[in-house]
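Data block below; observations after.
Remember, it's a predicted structure, so these values are computed and weren't measured experimentally.
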Amino acid sequence: MRAMYEVFYTERNERGELIDETSTMIFANSVDEAFEKFDKIKSETMTAHHAHRCID
């Protein structure tokens with residue numbers, strides 16, 4: 001079922017120091033698909049750590 005997922009992630013600089021902890025909204029059919037879509041748009045310094053469905 002297509003829904004809006006909020007993917008939470010952290011971003012670190014080249015030295016591994018935390019820059020930001022935030023989230024982004026992604027339309028997907030599952031949590032796994034939301035993570036796959038996030039992987040396509042993220043930079044090398046971003047790491048997703050969890051996601052949940054927000055809006056059907």
Side-chain angles (χ1 to χ4, degrees):
M1 172 191 254
R2 193 152 177 85
M4 178 71 77
Y5 288 83
E6 187 171 15
V7 179
F8 294 85
Y9 65 93
T10 56
E11 186 168 9
R12 298 184 177 275
N13 64 19
E14 305 79 37
R15 296 183 303 269
E17 300 165 330
L18 183 65
I19 296 172
D20 196 13
E21 290 183 287
T22 191
S23 66
T24 189
M25 303 298 272
I26 296 176
F27 276 111
N29 292 312
S30 67
V31 170
D32 290 338
E33 183 182 358
F35 279 123
E36 289 172 13
K37 287 184 173 189
F38 179 80
D39 283 344
K40 291 178 182 176
I41 63 168
K42 73 179 183 101
S43 72
E44 291 180 9
T45 60
M46 295 175 174
T47 303
H49 48 87
H50 75 277
H52 67 265
R53 188 166 69 194
C54 297
I55 304 167
D56 290 334

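- Around the CD atom of Glu17, the shell of radius 6.0 Å holds more than 12 heavy atoms that belong to other residues, nucleotides or ligands.
- Rounding to the nearest 0.5 angstrom, the gap separating the CD1 atom in Ile19 from the OG1 atom in Thr10 is 10.0 Å.
- Side-chain atoms of Glu11 and Thr45 include a donor-acceptor pair closer than 3.5 Å.
- Considering all non-hydrogen atoms of both residues, Ala34 and Tyr5 come closest at CB-CB, 3.8 Å.
- Under a hydrophobic-cluster definition in which Ile, Leu, Val, Met, Phe, Trp and Tyr are linked whenever side-chain heavy atoms come within less than 4.5 Å, directly or via other members, Met25 and Phe27 are assigned to the same cluster.
- Pairing each heavy atom of Phe35 with each of Ala48, the nearest pair is CE2-CB, 3.6 Å.
- No salt bridge links Lys40 with Glu36; every basic N to acidic carboxylate O contact stays at or beyond 4.0 Å.
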Verdict with supporting geometry, Tyr9 and Thr47, side chain to side chain contact (heavy atoms under 4.5 Å, CB included)
CA-CA 5 Å; Tyr9 65 93; Thr47 303; 5.9 Å; no
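- Note: Phe8 and His49 have tilted aromatic rings, judged against thresholds of 30 and 60 degrees for the angle between ring planes.
- Within the model, atoms CZ of Arg2 and CD of Glu33 stand 6.5 Å from one another, a figure rounded to the nearest 0.5 Å.
- In this structure, CG in Asp32 is found 13.0 Å from NZ in Lys37, a value given to the nearest 0.5 Å.
- One finds the OG1 atom of Thr22 at 8.5 Å from the CD atom of Glu6 (value rounded to the nearest 0.5 Å).
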